[in-house]
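Remarks on the structure that follows.
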Amino acid sequence: VQTDRTVSGPESPEFAAVYAEVQQFYAEHFHLLDAGAAEAWAETYSEDGTFDVPTQAAPTRGRAELAAVMRRTARELAEVGEVRRHWHGMVAVHPRPDGSLDVRCYALVFRSQKGGSSALHRVCVCEDHLVRVDGKLKVKARRVRRDDLA
Amino acid sequence: VQTDRTVSGPESPEFAAVYAEVQQFYAEHFHLLDAGAAEAWAETYSEDGTFDVPTQAAPTRGRAELAAVMRRTARELAEVGEVRRHWHGMVAVHPRPDGSLDVRCYALVFRSQKGGSSALHRVCVCEDHLVRVDGKLKVKARRVRRDDLA
Amino acid sequence: VQTDRTVSGPESPEFAAVYAEVQQFYAEHFHLLDAGAAEAWAETYSEDGTFDVPTQAAPTRGRAELAAVMRRTARELAEVGEVRRHWHGMVAVHPRPDGSLDVRCYALVFRSQKGGSSALHRVCVCEDHLVRVDGKLKVKARRVRRDDLA
């Protein structure tokens, strides 16, 4: 069987370009999320993007719903003076033949209390399907599993 | 003296390709480890690969031994409902003239109790010698030091 | 308006080369810092480099002052048997037209007590202006904000 590795293996310049792009994408994506920039963050999903976590009965679907859920969380955190930081790491990128990307990575969430202390909040595994819209990466589907709920 | 930097400096496309490849390698390497995939994980070492940690009297040597040690740890963790996640970061890659790679990086280990909480487990420094076997990166020698035992 | 993205977008080989270079730079920069190598670490700043943190009345400025501050911290930590590890992650790199780089990233600090345990120490946001001196990246200006003091 021909795999994506045959097309463009991890030792190729093409893979390096995609890999750097994914890392930059995640950085900006989480800078927006953690800053509470709901609309700009929702724009980093495709129009029909989904976010699936075990603590929700059904996946969040589409930019309007994504922004609404995020605004609510941001407001709740602001009210109690808590700052969250999302980290993606151990990022494995597997391009599909159509140019979209399957990504499997680890995710950490840290929380800090203003005037208090910082702590590890969550340890998760994240599986993303990233697509291009007008050349830019967007999350089409995200599935997150928390290790403490595994 | 001519250093590896002269051959292919960190601003070159060749270095970027190698750097992305190392990051992808570590991601897949630890996804296998943390999933308990002993044989597949051992395959990411060279045949004679070694793993040296201060808590062992002698380095673990060769794939069969590596897989056996890992299987035992995975079984012990499963029995107590603990999930571990290994993170490499702050990765410095120094190619040798023969194309193999010296890597120095930091390593974190997180632990989560199913139905419980997540915590930082270890903070370490890892020094790897990575070689190519049939074009694919493999760990030939790994030395890990724990900061709390330093 | 033409932005830096038009010049060299995150999907280009040029961006990948810069992105890998920045990651390698941070790795070596923090390996030096955490090893207490004051002079070598200060060399990773430009001659007039500045380091601005909210816990200082004024930014630290220039290599001599940077090295002095770092030596003092390293001595204090050594006296109490504490090891620190600095991690940069979620790195967003934005090249300026002049080739210098604006970087926004997250920063973690871990602390370990020799013979004791390891813990998360700080969660921060770091904004760097990186310039080239004789082709090598240097920190010209760094601003760090701690989430717990936000």
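Chain letters run A, B, ... following the sequence lines, proteins first, then strands; residues in each count from 1.
- Note that the NE2 atom of A/H31 and the CE atom of C/M90 stand 7.5 Å from one another [nearest 0.5 Å].
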Inset, instruction - Given side chain to side chain contact (heavy atoms under 4.5 Å, CB included), test A/E21 with A/R132 step by step and report yes or no. - result: CA-CA 12 Å; A/E21 188 183 3; A/R132 285 183 196 283; 2.7 Å; yes

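- By the 30° and 60° cut-offs, the orientation of the rings of C/F15 relative to C/Y19 is tilted.
- Comparing C/Q23, C/R122, C/H121 by how many heavy-atom pairs each has under 4.5 Å with chain A, the most go to C/Q23.
- Looking at C/V18, there are no atoms closer than 4.5 Å to chain A (heavy atoms on both sides), in backbone or side chain.
- Most heavy-atom pairs under 4.5 Å with chain C: of the set A/L137, A/L120, A/V22, A/D34, this distinction falls to A/D34.
- In this structure, the portions of C/R104 lying under 4.5 Å from any heavy atom of chain A include both its backbone and its side chain.
- Put simply, OG on A/S118 and CG on C/D148 are 4.5 Å apart, with the number rounded to the nearest 0.5 Å.
- For chain C, the nearby part of A/Q113 is the backbone; its heavy atoms alone come within less than 4.5 Å.
- The choice from C/A119, C/A92, C/A17, C/A20 that makes the most heavy-atom pairs within less than 4.5 Å of chain A is C/A92.
- Residues C/Y26 and C/V103 form a side-chain contact, since some pair of their non-hydrogen atoms from C-beta on lies under 4.5 Å apart.
- The parts of A/F30 that come within reach of chain C are both its backbone and its side chain, each placing non-hydrogen atoms under 4.5 angstrom from that chain.
- Listed in order of number, the residues of residues 64-88 of chain C that approach chain A to under 4.5 Å between heavy atoms are C/W87, C/H88.
- In this structure, chain A has heavy atoms under 4.5 Å from both the backbone and the side chain of C/V123.
- The number of heavy-atom neighbours closer than 6.0 Å to CZ of A/R111, taken from other residues, nucleotides and ligands shown, is above 12.
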